[in-house]
Asker: 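The structure follows.
The sequence lines fix the lettering, A, B, ..., with proteins before strands; numbering per chain opens at 1.
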There are 2 protein chains.
Amino acid sequence: MIIINIIEIAKLAGVSKSTISRYLNDGYVSDKNRLKIQKIINSTAYKPLCHAKALRTKITNLIGVIVPKISTETASRVVEGISNEVSKYGYDILIANTNLSVDKEIKYLEIFKNNQVDGIIFMATKLTEKHLSIMDSIEFPIVVIAQKTENYPCVYYDDYNASKDMVKLLLNKGHREIAFIGVTEEDISVGFERKRGYIDALKEYGVSYKEEFFKKGDFSMDSGYKLAAELMNQNEKPKAIFAVSDSIAVGAMQYLTDMGYKIPEDISICSIGDSKMSRVVTPKLTTAHYFHKTAGEKGGEIMMELLNKNSGYSKKIMKKINLGYRLEIRNSIK
Amino acid sequence: MIIINIIEIAKLAGVSKSTISRYLNDGYVSDKNRLKIQKIINSTAYKPLCHAKALRTKITNLIGVIVPKISTETASRVVEGISNEVSKYGYDILIANTNLSVDKEIKYLEIFKNNQVDGIIFMATKLTEKHLSIMDSIEFPIVVIAQKTENYPCVYYDDYNASKDMVKLLLNKGHREIAFIGVTEEDISVGFERKRGYIDALKEYGVSYKEEFFKKGDFSMDSGYKLAAELMNQNEKPKAIFAVSDSIAVGAMQYLTDMGYKIPEDISICSIGDSKMSRVVTPKLTTAHYFHKTAGEKGGEIMMELLNKNSGYSKKIMKKINLGYRLEIRNSIK
DNA sequence: TTGTAAGCGTTATCAC
DNA sequence: GTGATAACGCTTACAA
């Protein structure tokens, strides 16, 4: 494999390699030489080797992106947004898929820490002490997506209010027996904040929180199915269910339908996510739309800003973007 | 940002940097020194700079992955498979999202060609002359996923037979008026091969192909909706529809349901994809399951093999993997 | 088994 | 405006 390098180009153009380098970078070259060089470079399709450049300048034009599970609708849309944005500036992205393993998150933070990337965009599910301690030791920009955090620039969703609004929607329709299906509160956004929204909405309407109406599982349809079964087989049965994710809700709907309950006549159901599924189930699921692609774009944008402060990365830039949400009111509630 | 380098480590360990390098690579070091070095490296958390290494060895431990649209279920699962597989061997992946633009495919092939990666995994929708010409000029391994090609190792789906089997399923149920909703034949796998399967299935059963039953659109639900409308508003109406993708089929189902047709009583429908959607629509969609994650894993596996022939990359290794499919017979056909 | 020194392809410094 | 030359951090002959 013959690599044509800057020296070859210099020879062909009859100048020194410094001049070629200047042509490529600051552009400080006479018009005469500029033309000659341009011609040579076009005809040879020469591209500077990025590793050599990186070694010298410590700039890689690579952004490390850590995602919990690339094969989810959420993560893949976020990645799409990041990719669209940073590629405008000549950056590429290095994907680290953690398969929801915290150990792998730490591992990839470590890997990215030492080399290879100019910045990290971390799509987080939780930020433990361990996360924060290694993140603090990283000397280049980190942007967090999907969790709110004091310590880093971040793009997050308004989980508390989305959840609260959704539950208020049910309350406004007169519902008082509203069950909640959630996930572990270690997941601050989905587990903790959405639960808080649920509780506060009830409080605001003077409805007392009932332990039997509160269930916790994982993100799967199965989990939704099982927990709906639990809910409907206890003495006190809800007349509405709010699930923290579409998958859970759809799983629950499946149980309800299997058991002959009519949605929304017998029971209402809603959730958060606006997944493709939510739009094709019967009845169509009432849910909250989150702007995942936008989240990725904004995250990429912040990263580009941070990297642009060529006076060196300033820890002072702490942009935090609350992305909001849009209620998608469809036919699963009454 | 202070970078601790191999020289520092060498000083601390009281040996030369060559010894450190050997410790890190071939391991040709005395036990005494090995222990000393190990201690130093652990206490300093030293990691060799990969760009310096890459510059010297021409090995980057990076695989470029080109996908048509990362936010689709298909692509994101393929990427997950690739990532899982190659990360076992210490490789990372660089994602290029082309947003279905052929120009961008070419652009990224060019970018990856010149530097940066040890191999390319290309999830292709079509392979034009332009693609092949630049691919031929690339001197390191390329693996193609989702299209069958003579020139490169590839992992592909059996589109012809999946399609044929699906249509035969309808024929076996006694259907004779079977419509087809496809996409452009430039997409060899989805457009051309699946159409061929449809036609040959009909032929095998002595059913004549009718122009009015053949529709072509894009991959969207909208397209399915509109083309179903066309089909049902012409003189000759089908009693069954085979769509080349789940999205198209679900769009069509929506039209049919909106118009009061009963599925499968009035009309049967099936497709290929086994997307999440297909499992939650009513009735559940009969479709063919493709092993996307496996495709990614196999693609990664082939790449690792190609890269392992450390006698240099041999163009002779031409593994081609036909992944098969599994029919998911559900309630949308009768 | 170890150390010395050259070299990978760039950019940065400095003198001209 | 330009060209030598050193330097980035690592691997790898080669010599010891």
Side-chain angles (χ1 to χ4, degrees), chain A residues 1-38 40-41 44-62 90 113-118 139-140 310 312, chain B residues 1-38 40-41 44-62 90 113-118 139-140 310 312:
Chain A
M1 173 145 108
I2 299 150
I3 286 184
I4 177 150
N5 63 18
I6 199 169
I7 295 183
E8 295 296 321
I9 300 292
K11 273 186 201 154
L12 289 171
V15 296
S16 77
K17 60 178 177 170
S18 319
T19 303
I20 306 294
S21 178
R22 274 192 291 267
Y23 171 88
L24 259 16
N25 299 292
D26 52 31
Y28 217 62
V29 179
S30 68
D31 287 351
K32 199 188 74 190
N33 279 338
R34 180 185 314 284
L35 263 128
K36 258 198 287 185
I37 296 172
Q38 193 169 43
I40 301 291
I41 287 189
T44 53
Y46 162 74
K47 280 275 178 61
L49 241 203
C50 60
H51 301 291
K53 200 166 177 161
L55 177 56
R56 190 59 236 236
T57 61
K58 306 281 167 257
I59 293 171
T60 66
N61 277 275
L62 250 31
K113 172 184 174 172
N114 287 291
N115 36 80
Q116 197 146 32
V117 299
D118 296 341
E139 321 231 12
F140 49 77
N310 37 19
Chain B
M1 175 146 106
I2 298 149
I3 285 183
I4 177 150
N5 63 18
I6 198 169
I7 296 184
E8 295 297 320
I9 300 292
K11 273 186 201 153
L12 290 170
V15 297
S16 77
K17 60 177 177 169
S18 334
T19 304
I20 306 294
S21 178
R22 276 192 289 270
Y23 171 88
L24 258 15
N25 298 292
D26 51 31
Y28 217 61
V29 178
S30 67
D31 288 351
K32 199 189 74 189
N33 279 337
R34 180 184 314 284
L35 262 128
K36 257 198 288 185
I37 295 172
Q38 193 169 44
I40 301 291
I41 287 189
T44 54
Y46 163 73
K47 280 274 177 61
L49 243 203
C50 60
H51 301 290
K53 198 167 180 162
L55 177 57
R56 188 60 234 242
T57 61
K58 307 281 167 250
I59 293 171
T60 66
N61 278 277
L62 249 32
K113 173 184 174 173
N114 287 292
N115 35 82
Q116 199 147 32
V117 300
D118 296 342
E139 321 232 12
F140 49 77
N310 37 18

Asker: Do A:Leu49 and B:Lys58 have side chains that get closer than 4.5 Å, going by heavy atoms?
Answerer: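 Contact flag for A:Leu49/B:Lys58 side chains = yes.
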Asker: Check side-chain contact (heavy atoms from CB on, under 4.5 Å) between B:Asn25 and all other residues, then give those that pass, not counting sequence neighbours.
Answerer: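 B:Ser21, B:Lys53.
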Asker: Which value, rounded to the nearest 0.5 Å, describes the distance between B:His51 atom NE2 and A:Leu62 atom CG?
Answerer: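 Atom-to-atom, B:His51:NE2 and A:Leu62:CG are 6.5 Å apart.
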Asker: For A:Lys113, what residues pass the side-chain contact (heavy atoms from CB on, under 4.5 Å) criterion, not counting sequence neighbours?
Answerer: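 Here the qualifying residues are A:Glu110, A:Ser137, A:Ile138.
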Asker: Applying side chain to side chain donor-acceptor pair (under 3.5 Å), name anything that partners A:Ser18, two or more places apart in sequence or on another chain.
Answerer: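 Here no residue qualifies.
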Asker: Under the rule for salt bridge (charged side-chain N to carboxylate O under 4.0 Å, His left out), what residues qualify as partners of A:Asp26, not counting sequence neighbours?
Answerer: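 Testing A:Asp26 for salt bridge (charged side-chain N to carboxylate O under 4.0 Å, His left out), a comparison that skips the adjacent residues, returns none.
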Asker: Mind checking side-chain contact (heavy atoms from CB on, under 4.5 Å) for B:Asp118 and listing every partner two or more places apart, or none if nothing turns up?
Answerer: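 B:Ile59, B:Thr60, B:Tyr91, B:Leu307.
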Asker: What's the angle between the local helix axes at either end of the helix from C:dT1-D:dA16 to C:dC16-D:dG1, using five pairs per end and rounding to 10 degrees?
Answerer: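 Roughly 40° between the end axes, to the nearest 10°.
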Asker: Going by the rule side-chain contact (heavy atoms from CB on, under 4.5 Å), which residues pair with B:Thr44 if we only count those two or more places apart in sequence or in a different chain?
Answerer: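 Partners of B:Thr44 under the side-chain contact (heavy atoms from CB on, under 4.5 Å) test: B:Ile4, B:Ile9, B:Leu12, B:Ile40, B:Tyr46.
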Asker: Is there a side-chain contact between B:Ile41 and B:Tyr23 in this structure, where contact means two heavy atoms from C-beta onward sitting under 4.5 Å apart?
Answerer: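 Heavy-atom side-chain distance check passes, below 4.5 Å.
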Asker: Counting primed atoms plus P, OP1 and OP2 as sugar-phosphate and everything else as base, spell out the protein contacts along nucleotides 1-11 of chain C at 4.0 Å heavy-atom distance: B, S or - for each nucleotide, 5' to 3'.
Answerer: BBBBBBBBBBB
Asker: Of all nucleotides in DNA chain D that come within under 4.0 Å of a heavy atom of chain A, which is furthest toward the 5' end and which toward the 3' end?
Answerer: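 That gives a stretch of D:dG1 to D:dG9.
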Asker: Roughly how far apart are B:Leu55 CG and A:Cys50 SG, rounded to 0.5 Å?
Answerer: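 Nearest 0.5 Å value for the CG-SG distance: 10.0 Å.
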